[in-house]
Visitor: 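Submitted below is the structure of interest, expressed as structure tokens.
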Amino acid sequence: MSVDLSKLNPPQREAASHTGGPLLVLAGAGSGKTRVIIYRIAHLLSIGIPPRAICAVTFTNKAAEEMRERIAQLLKDKAVARELTIGTFHALGLQILRTERQALGYPGGFAIYDQSDQMGALREAMRGVHNMSRDGERRFDAKALMTRISLAKNAFVAPDSYIPKNEADDYDAMTVEVYPKYQEMLRACAAFDFDDLIVEPVRLFERNADVGRKWAERFHYVMVDEFQDTNQAQLRMVQALVKNHGNLCVVGDDDQSIYSWRGADPTNILRFAEMFAGAKIVKLEQNYRSTKTVLAAANAVIANNTKRHGKTLWTQSGDGEIITHAVASTAEIEAQWVAREIRKVQKEGRRWSDFAILYRSNMQSKLLEEELRAAEVPYVMYGGQQFFERKEVKDLIAYLRVALNPRDELGLRRVLNYPARGIGATTVERLVTTAHAKHQTLWDALAVAENITGPAKNGILGFVHAVTRLRDSLDNGHDVVEAARALIEDIALYDDLRAAAGSMAAAQRRIDNVEGLLGALKRHSEKGKGRDALAQYLRQLSLDTTDEKETGGEKVVLTTLHGAKGLEFPVCFMIGLEEELLPHARTLQPQVSDVVDADHATDISEERRLCYVGITRAQRKLYLTRACTRVSRGRSVPRTPSRFLLEIPDELLEVRDLGEEARQVVPTNEVGDFFAKLALED
DNA sequence: AACTTGTCAATTTTT
DNA sequence: TTGACAAGTT
């Protein structure tokens, strides 16, 4: 088998064919980095490396799927593509933990806690720690604490070695107390959170030399995509996997590092050559996406950052259209003009899906949505959490989880009184206290609830009965879907969904969600039988966010700058290019609960990179818009142009003053209100 | 267990 | 000005 590397440009080819030792590929936006990884894998296979010995790691499931698909396409061989290890860091970590569950001390398996499970565990851990909610003392924001714990884990800091950086920082002091409690809580529930999926394999490798050796021999070539987004723990994991041979190829762009606030450490890419001696560095600077004008703007902005490898994107394509810098008097007018401009350009022959509107923070989408609706422009919003829409699915999963693993106290508490069966908070507290005092699990306490008197008794008996029946059914090798249906009957789940929903349609949607889960379970149970297979599937499920972004639709895309990374559009609007929005106020004036230190500097260079990411999304035409005035917290506030806007050379820009033209068509307040009310009524 | 009232804050998010 | 969240009422 051979690969035709002549389809690559010289640096791409160099990267794809380098096989001896560490390699850093600095891939500028739109420079064809996925192509390089794919050809590199094909090349490795062609020189006789077995597919099982090749591993490619990504950050998202989407990227992993896309990669596997494109390799299958290039090789015209699905079987080989299937043998490659391609997956997210978390999926790889899970695979390791699962394989080694014996050595880990969880022979019976373990659960994976997602964000909401995590918050539940944390709130539980926070309870009982003094100085909160008592004595008029300040209360702690659980989310801010979770961030600190997560950052500590990502930085590979164990619960007992967390050292407060700053004595005056209450959140640091609180983290010292809560982090160990939180970790104990997970341990008691036989659960790992997402961060553990990275950290725990590494700890295991260090603790157990045999296991460490085994995994160091597993892969002969390892590739990491989006390397600028890796954290300390992920780096350690990769180091452990390649320590025998150093055949590590990392691909990334230091100029697109926009996730340091959640633990990503840009040092990993900046100091790669120091950490991996003899590393070869290849820069991909030829851009296949944008016009000269767009790239000139991007290059000009990013050039103001220090601490970077330094790249200058270039292209063989033409100058293209000038960048429009539109200045509106108010944010309403800005949004309205964007909506109308899109309508206008669409009429000239663009598809709706050719447009994207990019903004710094989600709240900026509100005005846009109103104006787009008014102008009858179809749109989709990327991102946005839909946790609660999936609540019913998570509830059913929790039942299954508890049936498989009664130690999972958090899952147990989630469904103990769902659907409501008269087991109130007081009862739960009493049960938990008694159980823990006797060194029992909560489930043990429930199982002997004959001793319990009072109104909760019947509820507990009913719950224990339902779960026991589910477990027996699973243990006896019954069909998973059958068992789940019996449970749904037992607990009258659909009746509860119908009662709780506001409308028939809403109820049906939720029931359909549950049926969707049953469908997925059915499809899965054909592949693997038994409780072990089910447990494995449930763990996998928590890693699948399955955010079905409707990509197919003919719609304008609305997304944050973060959400836009990796995407491209013929026409891009970046809105709100104002100080305190981009760069965001919070980076200019950090809050008490913010983590501000040398490692996670909330400096404006990351905001500048965000701006760079936004600009480089545009293929043909870029619009940069801002308002002179914006209503914030009920008050109209004057705005100043973003410093990044001023970094773009004037000759690349055409300024449009929207003050006059927009003012003429804006309805007066009364008329506006009238139409707003009309819109609300349907 | 469903409502009401008060308080506080106001980025970015994948797994 | 909104919205989320927690504590207090019915």
Side-chain angles (χ1 to χ4, degrees), chain A residues 57-64 87-94 112-119 123 132-133 136 138-139 141-144 146-147 150 153-154 192-198 226 229-231 233-234 257-264 358-366 382-385 387-388 417-426 455 499-500 539-547 549 559-566 576 580-595 600 602 606-607 609-611 613-614 630-637:
Chain A
V57 192
T58 64
F59 272 86
T60 65
N61 291 312
K62 189 176 154 229
T88 62
F89 269 105
H90 294 86
L92 179 60
L94 173 59
I112 290 175
Y113 279 6
D114 73 5
Q115 196 158 14
S116 57
D117 300 324
Q118 243 180 91
M119 288 307 290
R123 278 183 224 278
M132 54 167 300
S133 77
R138 55 142 359 128
R139 297 204 325 267
D141 174 6
K143 262 181 49 207
M146 194 69 246
T147 304
S150 181
K153 286 193 180 190
N154 292 164
F192 290 122
D193 66 17
F194 284 147
D195 299 323
D196 289 335
L197 294 179
I198 313 295
E226 304 281 16
D229 290 339
T230 51
N231 58 41
Q234 286 159 338
S257 155
I258 54 175
Y259 284 110
S260 71
W261 52 273
R262 64 177 203 210
L358 315 177
Y359 38 81
R360 173 69 234 263
S361 86
N362 283 312
M363 103 202 162
Q364 289 173 264
S365 70
K366 204 177 157 232
Y382 281 11
Q385 279 119 318
F387 283 135
F388 291 98
N417 195 34
Y418 180 82
R421 44 173 82 85
I423 309 172
T426 330
R539 282 192 292 263
Q540 208 103 58
L541 212 59
S542 54
L543 289 183
D544 259 339
T545 36
T546 41
D547 53 302
K549 287 174 181 170
T559 174
T560 61
L561 288 166
H562 285 91
K565 199 175 75 160
E580 308 205 300
L581 221 41
L582 185 71
H584 195 275
R586 200 115 176 209
T587 60
L588 303 168
Q589 291 261 271
Q591 301 294 297
V592 260
S593 57
D594 287 343
V595 180
H600 312 101
T602 51
E606 182 147 313
E607 298 288 303
R609 290 193 288 269
L610 211 40
C611 183
V613 167
R630 193 173 284 271
V631 177
S632 159
R633 297 174 215 185
R635 208 174 300 290
S636 177
V637 186

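Worth saying up front: this structure is predicted, and the values here are computed from it rather than measured. So you know, we letter chains A, B, ... as the sequences are listed, proteins then strands, and number each from 1. Hydrogens, waters and symmetry mates play no part in the numbers below; they use all other heavy atoms, side chains included.
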Visitor: Only counting residues at least two apart or in another chain, list the ones meeting side chain to side chain donor-acceptor pair (under 3.5 Å) with Asn417(A).
Guide: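 Per chain and number, Asn417(A) pairs via side chain to side chain donor-acceptor pair (under 3.5 Å) with no residue.
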
Visitor: Among all residues two or more places apart in sequence or in another chain, which pass the side chain to side chain contact (heavy atoms under 4.5 Å, CB included) test with Arg123(A)?
Guide: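 With sequence neighbours excluded, Arg123(A) shows a side chain to side chain contact (heavy atoms under 4.5 Å, CB included) to Met119(A), Ala142(A), given in chain and number order.
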
Visitor: Within the sub-3.5 Å range, which N or O atoms of nucleotides 1-4 of chain B have a protein N or O partner, and how far apart are they?
Guide:
unit_1 : atom_1 : unit_2    : atom_2 : d
dA1(B) : OP1    : Asn417(A) : ND2    : 3.3

Visitor: For Leu610(A) and dT11(B), what is the distance between atoms CG and C1' respectively, to the nearest whole Å?
Guide: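 That distance rounds to 10 Å.
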
Visitor: Would His562(A) count as stacked on dT12(B) if the rule is ring centres under 5.5 Å and plane angle under 30°?
Guide: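 Not stacked by the 5.5 Å and 30° rule.
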
Visitor: May I ask you to evaluate whether Ser361(A) reaches the phosphate of dA10(B), defined as a side-chain N or O under 4.0 Å from OP1 or OP2?
Guide: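 Negative; the distance criterion is not met.
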
Visitor: Rounded off to whole Å, could you give me the NE2-to-P distance for the His90(A) and dT13(B) pair?
Guide: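 After rounding, the gap between these two atoms is 17 Å.
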
Visitor: Which whole-number value in Å describes the distance from Gln115(A) CD to dT14(B) P?
Guide: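 Distance, rounded to whole Å: 9 Å.
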
Visitor: dT14(B) C1' sits how many Å from Tyr382(A) OH, rounded?
Guide: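 After rounding, the gap between these two atoms is 16 Å.
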
Visitor: Output the rounded distance in Å from NE2 (His584(A)) to P (dT13(B)).
Guide: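 Distance check: His584(A) NE2 to dT13(B) P gives 11 Å.
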
Visitor: Does dT14(B) have OP1 or OP2 sitting under 4.0 Å from an N or O in the side chain of Asn61(A)?
Guide: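 No, Asn61(A) has no side-chain N/O under 4.0 Å of OP1/OP2 on dT14(B).
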
Visitor: Under 5.5 Å centre to centre and under 30° between planes: does that hold for Phe194(A) and the six-membered base ring of dT14(B)?
Guide: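 Here Phe194(A) fails the 5.5 Å or the 30° condition.
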
Visitor: Write down the distance separating the P atoms in dT12(B) and dC5(C), rounded off to the nearest Å.
Guide: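 That atom pair is separated by 15 Å.
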
Visitor: Using the salt bridge (charged side-chain N to carboxylate O under 4.0 Å, His left out) criterion, which residues pair with Glu607(A)? Sequence neighbours excluded.
Guide: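 Salt bridge (charged side-chain N to carboxylate O under 4.0 Å, His left out) check on Glu607(A) returns Arg360(A).
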
Visitor: With nearest nucleotides of DNA chain B determined for Thr559(A) and Arg633(A) from heavy-atom distances, which residue corresponds to the more 5′ nucleotide?
Guide: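 This one resolves to Arg633(A).
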
Visitor: Check side chain to side chain contact (heavy atoms under 4.5 Å, CB included) between Asp196(A) and all other residues, then give those that pass, not counting sequence neighbours.
Guide: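 Side chain to side chain contact (heavy atoms under 4.5 Å, CB included) check on Asp196(A) returns Lys153(A), Gln183(A), Leu186(A), Phe192(A), Asp193(A), Glu200(A).
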
Visitor: Parallel, tilted or perpendicular: which one describes the rings of Tyr259(A) and His562(A), with boundaries at 30° and 60°?
Guide: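 Taking His562(A) first and then Tyr259(A), their aromatic rings sit tilted (interplane angle of 30° to 60°).
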
Visitor: To the nearest Å, give me how far apart CG (Asn154(A)) and P (dT14(B)) are.
Guide: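 Rounding to the nearest Å, CG of Asn154(A) and P of dT14(B) are 15 Å apart.
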
Visitor: Who passes side chain to side chain donor-acceptor pair (under 3.5 Å) against Arg421(A), sequence neighbours left out?
Guide: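 Expected list: Tyr399(A).
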
